[in-house]
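None of these values were measured; they are calculated from a predicted model.
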Amino acid sequence: MTLLDRLKTDVLTADGAMGTLLYSHGIDFCYEELNTEKPEIIEKIHKDYIAAGADVIQTNTYGANAIKLARYGIENRSRELNAAAIEIAKKAAAPGGQFVLGTIGGIRGIRKSTATNAEIIASVREQAESLLSGDPDGILFETYYDFEELSESVKVLREMSDVPIIAQVSMHEPGVLQNGLSLNEALHRLEGIGADVVGVNCRLGPFHTIQAFEGVTLPEKAFLSASPNASLLDVEDGRIVYESEADYFGRAAVLLRNEGVRLIGGCCGTTPKHIEAAKKRLVGLPPLTEKKVKTKKPIVIQEAKPSTDVSICEKAKTERTVIVELDTPKTLLTEKFIEGANKLYDAGVDAVTMADNSLASPRISNMAMGATLKLQHDVRSLVHITCRDHNLIGLQSHLMGLDALGLHDVLAITGDPTKIGDFPGATDVYDVSSPELIQLIKQLNDGISFSGKPLKKKANFSVAAAFNPNVRVLERAVTRLEKKIECGADYFITQPVFTKEKIVDVYEATKHLSTPIFIGIMPLTSMRNAEFLHHEVPGIKLSDETLERMRACGDDQERAAKEGIQIAKELLDTAAQIFNGIYIITPFLRYDMSMELIHYINELDALKERGIVHADSSN
């Protein structure tokens, strides 16, 4: 009798955790490598679960794909480890007794840059081929947070074989996936593309897993499965632990059966004792054939309050738009910063933009200063957000705070590594890349949190992205720019550019795009400033001519500042002709220099309106 035949008439018990069980015994290296190095350990765990009453066991292959094995330097052993795993499981199972599932684990979490779609599909094919050669009773896809990844994997396997497919998603929040899709909708979609058993595993304990299934209707053909964690995890003395009594887990298994689940096992923190308790409680209970689903009051997501300001992005598509960067102070003295921001805004800039601890050096929070400028001085600010300083929790909290303050103009950037800043021993976070951060911000604009939970109101962010044209191969930088557009970037702000030729090159390389680009112009203040930027600041390169002109000023600070302004004006002569967006970077709170450039831009535009051809400022 096949697995699917049994599920037509019985509620089956699956095994529990493998990884956390090995972890609890002090094993802290690649678990899948045990399939060849210490197969007796894996076989004993299988037999312990079978002795506990498991009708279904799964192979020790959750991470046995080339992508995950690469962290151990054994990516070329995927086929070997999968083949060994299914041999061990089949050896442990009684002839005609337990069903053996070949396990394939999800790769992506919230991060999509972990691997490309092509790489993931290639790893699924390789792993599936190895597992299928061992003639399993089914293939189990488990711990998939990314619904797109799971869907594509199911489709690929269905093309390869007619073996029973068990497809299990994982949720951050009960009843909803991280992309905002309801569990009910997700499971029915998986059924529609060929999965025979659909369900959930990992992340949530029994309570929340049961809660999630309360909103799931019974599939037409597929069966439901669930493998919750033993509980929510805890940390004791630096080690992860799960607090859950086996009998509690057994009682929860009955409640899962009452929600229509027919294949019930355990995930992280569960042991043979948990599975034994579940088996004892489930014996003799027939599967549920009809179910009344709890109807929950739909959550209404309010539309974002319309902005009273013209979008920076939209304005830059049709007319001159100028933003000026003014870094927040490194000290607690804010008067000069606020004075500068007010003068710049009074001069007509469209927004004052503030870096997020540029060069990994701590400054007064740009959120705090942005709120001060908006609420006390009616100055529009564009706040930078780095991936470096905030984990996912902090990023969402930070963005929700910005929305609450009415600060909706943001720049999503990776951020300079901490080792170049004031605290080289600090930790870089980088939970996500800048393209991923853009996607998550846009998800907030849909009223959906990073975890998929409804936020009850849509945010209203306009998202800028960084573009560094100071590279050897500009085409590669444009390819990255196009990727950010796909992720939702509304417009781009470049690193400072120091040659007219580069400005023209950027125009030619991006003129096929409708997304506005703000060309970065940074006035130099001295020879030392120029040398520092050229040699030590990532992403900035000066031309030989610019360096020579600044060196010629020697130690004459006044002359050097004037030369820096002159160089910037010459660059503006070119930039203002072919780009609407101009991004002026203020050096060292020298907002007087930025003011002079703003006035110069206004002069250029006034001459253009009158049809007068402007003479190059270098003449």
Q: Mark yes or no for whether E325, through its side chain, and V352, through its backbone, hold a donor-acceptor pair below 3.5 Å.
A: no
Q | Backbone of V310 reached by a side-chain donor or acceptor of E314 within 3.5 Å | A | no
(Q) For F498 and N470: C-alpha separation, side-chain torsions, deciding distance, then whether side-chain contact (heavy atoms from CB on, under 4.5 Å) applies. (A) CA-CA 9 Å; F498 287 96; N470 301 312; 6.0 Å; no
Q. Which one of Y583, Y491, F579 satisfies the ring-ring contact (aromatic ring centres under 6.0 Å, His included) criterion with F518?
A. Y491
Q. Residues two or more places apart in sequence or in another chain: which of them pass ring pair (Phe, Tyr, Trp, His ring centres under 6.0 Å) with F492?
A. none
Q) Any side-chain heavy atom of S381 within less than 4.5 Å of one from M369? A) no
Q) Checking side chain to side chain donor-acceptor pair (under 3.5 Å) for the pair T353/H384: CA distance, chi angles, key distance, verdict? A) CA-CA 7 Å; T353 176; H384 300 197; 2.5 Å; yes
Q. For R528, does the CZ atom have more than 12 heavy-atom neighbours from other residues, nucleotides or ligands under 6.0 Å away?
A. no
(Q) Is there a side-chain contact (heavy atoms from CB on, under 4.5 Å) between T328 and S365? Walk through the geometry before answering. (A) CA-CA 7 Å; T328 60; S365 160; over 6 Å; no
Q: Output yes when a side-chain donor or acceptor of D146 lies under 3.5 Å from a complementary backbone atom of G109, and no otherwise.
A: no
Q) If you take all heavy atoms of L524 and N529, which pair is closest and at what distance? A) CA-OD1, 3.5 Å
**Q.** Under 3.5 Å: donor-acceptor pair, side chain of D416, backbone of L359
**A.** yes
Q. By side chain to side chain donor-acceptor pair (under 3.5 Å), which residues pair with E126, not counting sequence neighbours?
A. none
Q. Is it true that a side-chain atom of N468 and a backbone atom of A477 form a donor plus acceptor pair closer than 3.5 Å?
A. no
Q | Residues which pass ring pair (Phe, Tyr, Trp, His ring centres under 6.0 Å) with H172, listed by chain and number, not counting sequence neighbours | A | Y145
Q) After noting the C-alpha distance and the side-chain angles of D490 and K442, does the key distance pass the side-chain contact (heavy atoms from CB on, under 4.5 Å) rule? A) CA-CA 10 Å; D490 295 304; K442 290 293 183 164; 3.0 Å; yes
(Q) Has Q127 got a side-chain atom pairing as donor or acceptor with T103's backbone, closer than 3.5 angstrom? (A) yes
Q. Can you tell me if E75 uses its side chain to pair, donor with acceptor, with the backbone of N65 under 3.5 Å?
A. no
Q: Could you list the residues that satisfy salt bridge (charged side-chain N to carboxylate O under 4.0 Å, His left out) with D403, not counting sequence neighbours?
A: K457
Q. Just by modelled atom types, is the A64 backbone N or O under 3.5 Å from a matching donor or acceptor in the S78 side chain?
A. yes
**Q.** side-chain contact (heavy atoms from CB on, under 4.5 Å) partner of S449, the single match among Q443, Q178, Q396
**A.** Q396
Q | Carboxylate-amine/guanidinium proximity below 4.0 Å for E32 and K68 | A | no
Q | Under 3.5 Å: donor-acceptor pair, side chain of N580, backbone of T321 | A | no
Q: Applying ring pair (Phe, Tyr, Trp, His ring centres under 6.0 Å), name anything that partners F337, two or more places apart in sequence or on another chain.
A: none
(Q) The criterion is side chain to side chain contact (heavy atoms under 4.5 Å, CB included); which residues satisfy it with P362, sequence neighbours excluded? (A) D422, F423
Q. Do R559 side-chain atoms and A552 backbone N/O form a donor-acceptor pair below 3.5 Å?
A. yes
Q | Stepwise side-chain contact (heavy atoms from CB on, under 4.5 Å) check, C487 with E436 | A | CA-CA 7 Å; C487 292; E436 290 165 335; over 6 Å; no
